[in-house]
Amino acid sequence: MYISYSGEPARRLHVVALALASVLLTGCQASGRPVDATEQSAGSSNRQDAPLAGLLPDKYQRTGVIRVGIDSVPPLVYPEGGRTVGVEVDLTAALGKLLGVTFEFEHADFSDLIGGLQSQRFDLAMSGIHDTRQRRQGMDGTGADTGPGVDFVHYFTAGTSVVVRKGRGQSIASPADVCGRKVAVQRGTTVEEAALKQGRTCKAVGKPDIVMNRYETHKEVLESLEQGRSDAAMMDYPSASYTANQAPGSGAFEVAGRQMDPKPYGIALPKGADRLREAVRSALKSVIDSGEYTKILKKWRVADGALRTPGG
């Protein structure tokens with residue numbers, strides 16, 4: 001499977017996730033567009049062992065496929081060594097095993113994920129989408145109408161963190177220290193909203209506003225920080241933790257202070273997809289209760305964001 005990490009057009013990708021091991025890579029074709037590879041778990045076509053398959057709408061029981069829109073956001077979902085890995089890959093694998101379906105992931109820019117749900121390009125959308133009133137009601141950050149809105153099933157909680165380069169003497173030890181600094185953010189995210197809020201706080205105490213550098217992708221945010229075009233980057237806690245501790249060259253970055261304003265991440269669904277939402281919620285509850293959920297989060301070093309039960 002391939003997710004573009006550069007500026008080239010993203011190509012169609014499929015991830016078929018049902019088990020957590022025994023992955024087989026093969027070439028494939030889907031919807032008339034080329035796909036680099038499919039990752040398929042052994043026994044993925046056997047639905048007799050899926051105890052919650054009957055909860056799904058008939059459409060998904062027939063096709064055995066749920067389409068998921070994603071962006072590349074380490075450690076949630078990202079390419080590594082010719083495969084796609086991450087928290088959400090492992091989590092959907094566990095959900096798929098219970099529901100008797102495969103999850104096919106298609107890449108899109110984060111700002112296009114909600115629209116992809118509303119246009120029926122995807123059945124679900126993930127990649128660390130915070131559940132906000134605006135998204136539920138179909139509004140953007142300015143209050144403009146963007147469509148009918150979406151529903152959520154909560155699977156994690158995370159706030160906004162500040163990441164800086166190590167050893168540069170910039171005196172950014174917490175989010176309060178970014179006043180007057182150039183800060184990189186990903187466009188269309190709640191992180192952008194958090195940066196705007198922090199900028200207002202700066203001005204309220206007589207300090208200069210944040211100078212925001214907005215980018216379309218997480219990769220561009222990191223490049224801006226690494227190359228010195230930004231003094232700091234703001235990103236969700238899981239990405240900040242990964243950047244500081246797990247990413248290639250991770251010794252170059254560190255997290256400045258605690259995360260701000262944690263909120264739930266949700267698996268986003270179109271309005272009216274009540275039966276699909278309840279099936280996903282029931283499967284997620286089973287994954288949590290079994291202990292598999294905790295194992296997945298510990299594997300990716302993000303157990304601080306665990307939920308005790310699905311919300312939404």
Side-chain angles (χ1 to χ4, degrees), residues 1 12-26 28 30-31 35 37-70 76-77 83-106 116-117 120-127 129 150-156 265-270 272-300 306-312:
M1 178 180 116
R12 175 83 177 189
L13 57 89
H14 284 224
V15 172
V16 181
L18 274 181
L20 297 177
S22 303
V23 179
L24 175 65
L25 296 180
T26 60
C28 70
S31 302
V35 181
T38 296
E39 297 178 77
Q40 183 166 352
S41 300
S44 61
S45 61
N46 184 4
R47 299 178 200 168
Q48 296 178 348
D49 297 327
L52 301 183
L55 298 179
L56 286 168
D58 293 343
K59 168 186 174 181
Y60 304 108
Q61 294 187 50
R62 289 195 307 270
T63 65
V65 171
I66 293 177
R67 301 166 300 163
V68 186
I70 59 166
L76 300 177
V77 56
R83 297 176 51 210
T84 296
V85 298
V87 175
E88 294 176 349
V89 175
D90 289 354
L91 185 59
T92 52
L95 297 177
K97 188 173 182 180
L98 293 171
L99 293 169
V101 294
T102 62
F103 287 83
E104 293 184 353
F105 287 178
E106 182 175 343
L117 283 176
Q120 301 183 8
R121 177 181 174 187
F122 317 127
D123 302 306
L124 309 175
M126 298 182 73
S127 298
I129 304 174
V150 295
D151 287 327
F152 291 95
V153 175
H154 299 162
Y155 65 98
F156 193 76
Y265 279 167
I267 301 170
L269 308 92
D274 296 344
R275 187 173 173 187
L276 176 59
R277 186 179 73 247
E278 290 308 311
V280 171
R281 190 199 310 272
S282 295
L284 179 56
K285 185 177 187 306
S286 293
V287 172
I288 293 173
D289 292 346
S290 73
E292 189 63 38
Y293 172 80
T294 300
K295 291 179 182 178
I296 292 169
L297 298 191
K298 285 183 176 179
K299 170 185 173 181
W300 295 101
L307 296 179
R308 293 189 177 185
T309 190

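- R277 places no side-chain N or O within donor-acceptor distance of the main-chain N or O of F152, the cut-off being under 3.5 Å.
- S290 places a side-chain N or O within donor-acceptor distance of the main-chain N or O of V287, the cut-off being under 3.5 Å.
- With sequence neighbours excluded, no residue satisfies side-chain hydrogen bond (donor to acceptor under 3.5 Å, both in side chains) with K295.
- Note: L284 CG to T92 OG1 = 11.5 Å, rounded to the nearest 0.5 Å.
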Could you go through the side-chain contact (heavy atoms from CB on, under 4.5 Å) check for L99 and Y60 one step at a time? CA-CA 9 Å; L99 293 169; Y60 304 108; over 6 Å; no

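- The main-chain N or O of R67 is never found under 3.5 Å from a side-chain atom of R121 such that the two would form a donor-acceptor pair.
- Applying the side-chain hydrogen bond (donor to acceptor under 3.5 Å, both in side chains) rule to Y293 yields no partners; only residues at least two apart in sequence or on another chain are considered.
- Atom CD1 of residue I66 and atom CZ of residue F105 lie 10.5 Å apart, to the nearest 0.5 angstrom.
- In this structure, the side chain of S127 does not engage the main chain of V77 through any donor-acceptor pair within 3.5 Å.
- Salt bridge present: D289 and K285 bring a charged side-chain N and a carboxylate O closer than 4.0 Å.
- For R281, the side-chain hydrogen bond (donor to acceptor under 3.5 Å, both in side chains) partners two or more places apart in sequence, or in a different chain, are E278.
- For the atom pair CG (L269) and CG (D123), the distance works out to 9.0 Å, reported to the nearest 0.5 Å.
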